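Each remark here refers to the structure printed beneath this line.
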Amino acid sequence: MANERASFGSKIGIIMASAGSAVGLGNIWRFPYLAGEDGGAAFILLYVICVLFLGIPVMVAEFLIGRRSKANTGQAYEVLAPGTQWKWVGLMGVLAAFLILGYYGVVAGWTLEYTVASVAGTFLGARDYTAYFNDFVSDPWWPVIYMFLFILMTHIIIVRGVKDGIERCSKVMMPMLFLILCVLVVCSLSLPGTAKGLTFLLKPDFSKITGKVVLDAMGQTFFSMSVGMGCMCTYASYFTKDANLMKTAGSVALINTCVAVLAGFVIFPAVFSVPGLSVDAGPGLLFVTLPNVFHLVFSGMPWLGYIFSLMFYVLLVLATLTSTISLHEVATAYLCERFKLGRTRAAWVVTGVCAALGVCCALSFGLLSDIRLWGMTLFTFSDFLTAKLMLPLGGMFIAIFTGWWLDRRVVREEVTNNGALDIPFFKFYVFLLKYVAPVSIAAIFIHELF
Ligand code: PHE
C-alpha cells in the first residue's frame, strides 16, 4: 500500500494544505464570536496558552502517526498498534469528520449566500439585517441548497486527488486569503472604532475567566487547529520523508493564530464603529452585525462598502473551502482504503451522508427547531458534541497513545527524520505529551462537565 499512496508535492504544499485545513470558519466566524462572548483579550490569552501546550504537541503527534503508518486515520492505529483497542481513536475521528462536515457545511452555505448577496449589493441599503439573517436561516429551502452547493464544490476538489485537488487549491487559495485579509485589516483600522476594538482584543480583563471560558478556549484550540480527529493525521500520511514535523506544526499554528487575531482586527474595530451594536452577538456576529457595519460605516462611500463586503465574504468562502476539503478527505480516504472503493465513489458516499446530516442541521433553525437534544438544537448539539467533546477527548487519547504507548524510538525517528534533524527540546515535547496534555484536558473536562 505504501508505494501507491498519493503524496503532496512540496514542503510549501504541505504547509499550505495543513494551514488551509486549520484556517477556516473557526478563525473568522467562531473565534470572534467566542472572544465577544467570553471577554475578548482574556479568552485570547487562554487560547494562545492552549495552542502552545496542547494544540502544537497533539498536532505533531498526529503528524507522526500519519506519516509513520502511511494510512488514513481510521486505519493508522491498526498499523501502529495492531490488535489493540486504539483503533477506536481513529474511528472516532472519522465519525467526527462526518459530523463536523454536516454542520460546518451549513455555515459554509451561509457564507456562499452572503457572497451572492454582496455581489447583488444587498448590504448597501438600510434594512433590518437581523430579520434578513433570521428569515434566511429559517427558510426551508435556501440554506439547504447553499449547503449542498458548498459540499458539492468540496466534492469536486476531492475527486481530483491529493496533489491536483487539495494541494493545488490550497496553494492558490491561501495566498489569496492573506492578501484579502491584509487589505481588510488596513481598511478596518482606519475606522472610528479602532481604539475601542483593539482595547477589547488586547487588554485582558481576568475577572472574565470562568470554567466555561477555559472549556471554550480549549475546544476552540482543537477545532481551529483541526486536531483531535485525525485530519492532520490523514494529511500527514501524504507528507514527504523530509518534511520537518515540528517546524510544520509551528508554522501552521502561527499562521492559524495570526489569521484569527487579524480577523479580530477586521471585525471588532468595525463593530465598535457603530453605536448600539453588540460584540456578544453569538453565531450571528458575522452575519448580522457586519452587514450593519458595511451599510452604516460606509454610507458616505457606498462603493467602498460594496468592495469591503464582497472581499470579506469571498475571504470567508476561501477559508471555509480549504477546511471542508480536509474534513471530506478524512472520510473519503478511510472509505477508499478500508473498503477498497474508488476515490470518486467513496467521495460520493461522503458527500451524500454529509449532505443528509447537513439538511438536519440546516433545518434546525426553522422547520426542525423544536427537536432538542439536552436542550440544544441539532446544529448547536453537533457543535458541542464535536468541538467541545470529541476533539479534546481525541486529543487526549492521541497524546496518551504517542507519549505512553508508542515506542519512544519511533517518536524520535519521526520527529528527527531518522536523526537528520536536531530537535533540542525533544524531552520537553515528550513531557508535554505524557503529562501536560492528558492531565489538563482531563481536568478541564471533569471541572466543566461533572
Ligand atoms: N479548523 C477548521 C476551522 O478553523 C475546522 C476544522 C475542524 C477542520 C476539524 C478540520 C477538522 O474552521
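Throughout, residue positions are numbered sequentially from 1 according to the sequence presented. Given the structure is predicted, the values throughout are model-derived calculations rather than measurements. Both counts, for ligands and for their atoms, begin at 1 and track the order of listing. Note that these values count all heavy atoms, side chains included, but never hydrogens, waters or copies made by symmetry.
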For atom 12 (O) of ligand 1, the closest protein heavy atom turns out to be Y104 OH, 2.4 Å
Regarding S21 and S323, do their side chains bring together a donor and an acceptor under 3.5 Å, going by distance alone? no
Proximal atoms of ligand 1 relative to S326 (non-hydrogen, under 4.0 Å): 10 (C)
Tell me: protein heavy atom nearest atom 8 (C) of ligand 1, and distance? S226 OG, 3.3 Å
Shortest heavy-atom approach to atom 4 (O) of ligand 1 - which of A22, S21, S323, G20: A22
Under a 3.5 Å cutoff, is there a donor and acceptor pairing between the side chains of N27 and N256? yes
Nearest heavy atoms of L357 and F98, plus distance in Å: CD1-O, 3.5 Å
Which is it for E414 and K241 under the salt bridge (charged side-chain N to carboxylate O under 4.0 Å, His left out) test, yes or no, and what are the steps along the way? CA-CA 9 Å; E414 284 301 320; K241 276 209 265 347; over 6 Å; no
Identity and separation of the nearest protein heavy atom to atom 7 (C) of ligand 1: F223 O, 3.3 Å
Would you mind listing which atoms of ligand 1 come within a distance below 4.0 Å of any non-hydrogen atom of C231? 10 (C), 11 (C)
Under a plain distance cut-off of 3.5 Å, with no hydrogens placed, do T351 and H155 share a side-chain donor-acceptor pair? yes
Can you tell me which residue among F379, F287, F365 is in a side chain to side chain contact (heavy atoms under 4.5 Å, CB included) with V137? F365
Just to be sure I read this right, does ligand 1 sit under 4.0 Å from the backbone of M229, its side chain, both, or neither, counting only heavy atoms? side chain
Within 4.0 Å of some non-hydrogen atom of L25, the atoms of ligand 1 are 12 (O)
With atoms numbered from 1 as shown, which atoms in ligand 1 lie under 4.0 angstrom from a non-hydrogen atom of N27? 4 (O)
Could you identify the single nearest non-hydrogen protein atom to atom 11 (C) of ligand 1 and state the distance to 0.1 Å? L327 CD2, 3.4 Å
Can you tell me how far apart CD1 (I49) and CE (M218) are? Round to the nearest 0.5 Å. 14.0 Å
Looking at ligand 1, does F222 have a heavy atom less than 4.0 Å from it? no
Determine, using ring centers only, whether F136 and W142 are less than 6.0 Å apart. no
